[in-house]
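Just so we're on the same page: letters track the sequence lines, and every chain starts at 1.
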Amino acid sequence: MDTFIQIVYFVTAILFILGLKKMSSPVTATGGIVWAGIAMIAASLVAFLEPGVFANNTNVILIIVAIAVGSGIAYITAKRVQMTDMPQMIAIYNGMGGGAAAAIAGVELVKMAGGHHALDTTVQVLAVLGALIGAVSFSGSAIAFAKLQGLMNKTIRLPFHMVINLALFVATLAAGAMIGFNDEVSITLVLGFFIMALVFGVLFTTPIGGADMPVVISLFNAFTGLAVAFEGFVLGNAAMIIAGTVVGSAGTLLTQLMAKAMNRPISNILFASFGSDGSDAADEDIEGSMKEIQGTDAAIMMAYAEKVIIVPGYGMAVAQAQHKVAELTQVLEKRGVTVKFAIHPVAGRMPGHMNVLLAEAGIDYDKILDLDEINPEFPTADVALVIGANDVVNPVARTNPDSPIYGMPILDADMAKNCIVIKRGRGAGFSGIENHLFYADNTRMLYGDGQKAVGELVSGVKEL
Amino acid sequence: MIEGFTALYIFMLSAFTGYEVISRVPVILHTPMMSGSNFIHGIVLVGAIVVMGSAEGALEQTIGFIAVALAAGNAVGGYVATVRMLEMFTVKDKKGEA
């Protein structure tokens, strides 16, 4: 029986890696996730055959109830959630995985405390490490979810936040070491350790601005992978070790790619409070004023343009405007206008987020260009239409070395002959930095909800 | 069963595998990819089942129950979210009708 179990785990690991590989191309991606899904079901069923699982019928019933509860809730929420809210849902599912890894460590440590388990320093230390990483990923992801869901808009910073964080981290590590390297496991200490780890996850995440959340979610994704791998060592489960480690390293790379796209080292995102000093300095030297435009006038500008570049941002996602944008593209193209889309690597809340939304609305891939491809085209565009994007088109990233976003590659929407910005209100962007583009001479502001404003443009163009 | 250096080798090779596999992913697939890898670490469900199966006493059973429920949520939520996102890339042909 043991050989059979191991064979299934072995095949599971192969299918996971092949599945991930398939997911790296749009053509085979769906097949990839299905393969991984089949492997997951097989591995979960085989887990019931592990020695000891069927020794206690109550436990088996509890397992089935727990699976029903957990997967039921996740299935319903994942099915119902809007495409635009996907990033925070990924955060929450990821947090659940981290919490599960931490809970596994919890059970193992309780077993050790109760003397049900032989003690082994390596196992203890790995269990504790996995617990720490998993718990931080759990509570941190919950905060990331709250921020993206709009439940927590402010970045909360305690006095001496960094000092408190550091002290708490050291204390958590110390408690972990006392559990890991001791011959006895104390339940009280384990409890204190978990509480500290959870609080640390919260305090670690609260000062980070919402605009940086994708990087943080990706990091927590890697964390959870690592936590799962560590608990895999504790349980002697190769499938968990391999899958967890693969995700751990893949997630780390993805995190680096995202941070690179924002031209900021990861340490800067995680440990420097964004916008605390730079935004004040940036306020001073704005020239010009914001000039408003009506939807019908903007529609005329676009209808008689030869080339229009649309720059979508998080505002488009929030307003669910992607279908209206697709309609606008159609009516403009019918008039012979060339329409292209410029996607910043971190537009929206995640890399590729905008691509998913535009694909959902049925816009062809070949019209959707990334930063390097589209930037040379802005000077030849008659109109750049910015929909709910802000920091990714802010020219201070090029001009003002004092700005916190200085050096970040941006879309050169300001180089287009005219720029129309659809924006809900007059406030600054997510990072709190004033956008000089909005004050430029060739920029016109179209205030309103993204969907409504684009709707006005569509009907405006149609009437001509 | 998996001892010392063997475990370390598995760890090392898996880490390189993960790095290589994702390094060729185009930017448009980054979000689905993150969601997909999020699903993969749902394998924690296997560990949760094993641990819960051998739980003794109310405390272990309670924590074990939480572990299984959370792990199942990770796996199922991650799967459904990924499939929904990837569907966006496959229904391209339908759009002409609307």
Side-chain angles (χ1 to χ4, degrees), chain A residues 16 20-21 23-24 26 29-30 33 37 40 43-44 47 50 52-53 59 62-63 66-67 69-71 74-75 78 89-90 93-94 96-97 99-101 103-104 106-107 110 221 224-225 228 231 235-236 239-247 249-250 253 350-353 355-356 359-360 362, chain B residues 1-2 7 10-11 14-15 17-19 21-22 24-25 27-31 33-38 40-55 59-60 63-83 85-86 88-90 95:
Chain A
F16 276 168
L20 267 182
K21 180 145 182 50
M23 268 186 254
S24 61
T30 315
I33 185 72
M40 186 73 78
S44 310
E50 290 249 12
V53 174
N59 284 350
L62 283 174
I63 292 172
I67 291 179
V69 171
S71 52
Y75 183 82
M89 295 317 291
I90 297 177
Y93 301 135
N94 172 52
M96 291 172 100
I104 289 174
V107 176
V110 169
N221 189 35
T224 302
V228 171
E231 299 314 324
L235 299 174
M240 280 171 74
I241 301 177
I242 295 171
T245 312
V246 165
V247 174
S249 72
L253 177 61
M350 284 202 176
H353 189 198
N355 303 72
V356 171
E360 183 196 12
Chain B
M1 179 182 54
I2 306 163
I10 296 179
F11 190 71
S14 308
T17 308
Y19 201 87
V21 165
I22 209 168
R24 295 187 199 98
V25 177
V27 178
I28 59 159
L29 281 178
H30 273 176
T31 298
M33 190 74 185
M34 190 197 293
S35 182
S37 60
N38 178 30
I40 301 277
H41 64 54
I43 189 72
V44 70
L45 178 58
V46 168
I49 291 172
V50 172
V51 160
M52 176 72 201
S54 56
L59 180 59
E60 289 177 21
I63 309 174
F65 186 88
I66 295 171
V68 176
L70 288 175
N74 181 186
V76 173
Y79 185 83
V80 176
T82 310
V83 166
M85 263 185 256
L86 290 176
M88 303 293 132
F89 292 91
T90 47
K95 66 146 201 274

Derivation and outcome, side-chain contact (heavy atoms from CB on, under 4.5 Å), residues B:Val21 and A:Val246: CA-CA 9 Å; B:Val21 165; A:Val246 165; 5.8 Å; no
Looking at chain B, which one of A:Gly70, A:Ala101, A:Ala29 has the largest number of heavy-atom pairs inside 4.5 Å, strictly under? A:Gly70
Of all heavy-atom pairs between B:Val50 and A:Val53, which one has the smallest distance, and what is that distance? CA-CG2, 4.1 Å
For A:Tyr93 against B:Ala81, the heavy-atom pair lying closest together: CE1-CB, 4.4 Å
Student check: side-chain heavy atoms of A:Ile242 and B:Ile43 closer than 4.5 Å: no
Among A:Met23, A:Glu231, A:Met40, which residue forms the greatest number of heavy-atom pairs with chain B at distances under 4.5 Å? A:Met40
Non-hydrogen atoms of B:Ile40 and A:Ala243 that approach each other most closely: CG2-CB, 3.8 Å
Please report the closest heavy-atom contact between A:Ile90 and B:Ser35, naming both atoms and the distance. CD1-CB, 3.7 Å
Less than 4.5 Å apart, any side-chain heavy atom of B:Ile22 and any of A:Leu20? no
Please check if the side chain of A:Ser249 supplies one atom and the backbone of B:Tyr19 the other of a donor-acceptor pair under 3.5 Å. yes
Of the listed B:Asn38, B:Thr17, B:Val68, B:Ile66, the one with the largest count of heavy-atom pairs under 4.5 Å with chain A is B:Asn38
So, the part of A:Glu50 with a heavy atom under 4.5 Å from chain B: the answer is side chain
Check: A:Met96 main-chain N/O paired with B:Asn74 side-chain donor or acceptor under 3.5 Å: no
Below 4.5 Å, heavy-atom pairs only: which of B:Ala67, B:Gly36, B:Gly64 has the largest tally toward chain A? B:Ala67
Can you tell me which portion of B:Leu59 sits under 4.5 Å from chain A's heavy atoms? Options are side chain, backbone, both or neither. side chain
Test of understanding: with side-chain hydrogen bond (donor to acceptor under 3.5 Å, both in side chains), list the residues that count as partners of A:Ser44, not counting sequence neighbours. none
Return the CD1 to CZ distance between A:Ile241 and B:Phe11, rounded to the nearest 0.5 Å. 9.5 Å
Which heavy atom in A:Asn221 sits nearest to a heavy atom in B:His41, and how many Å separate them? OD1-NE2, 2.9 Å
side-chain contact (heavy atoms from CB on, under 4.5 Å) partners for B:Ala71, two or more places apart: A:Ala100, B:Val44, B:Leu45, B:Ala48
Steps toward side-chain contact (heavy atoms from CB on, under 4.5 Å) verdict (A:Val110, B:Ile63): CA-CA 10 Å; A:Val110 169; B:Ile63 309 174; 4.0 Å; yes
Could you walk me through whether A:Asn94 and B:Met34 pass the side-chain contact (heavy atoms from CB on, under 4.5 Å) test, one step at a time? CA-CA 10 Å; A:Asn94 172 52; B:Met34 190 197 293; over 6 Å; no
Under a 4.5 Å heavy-atom cutoff, which of B:Ala75, B:Gly42, B:Gly47 has the most pairs with chain A? B:Gly47
Non-hydrogen atoms of B:Ser14 and A:Thr245 that approach each other most closely: CB-CB, 3.6 Å
Residue selection (most heavy-atom pairs with chain B, distance under 4.5 Å) from A:Gly99, A:Ala66, A:Ala74: A:Ala66
Toward chain B, the part of A:Met89 with a non-hydrogen atom under 4.5 Å: neither
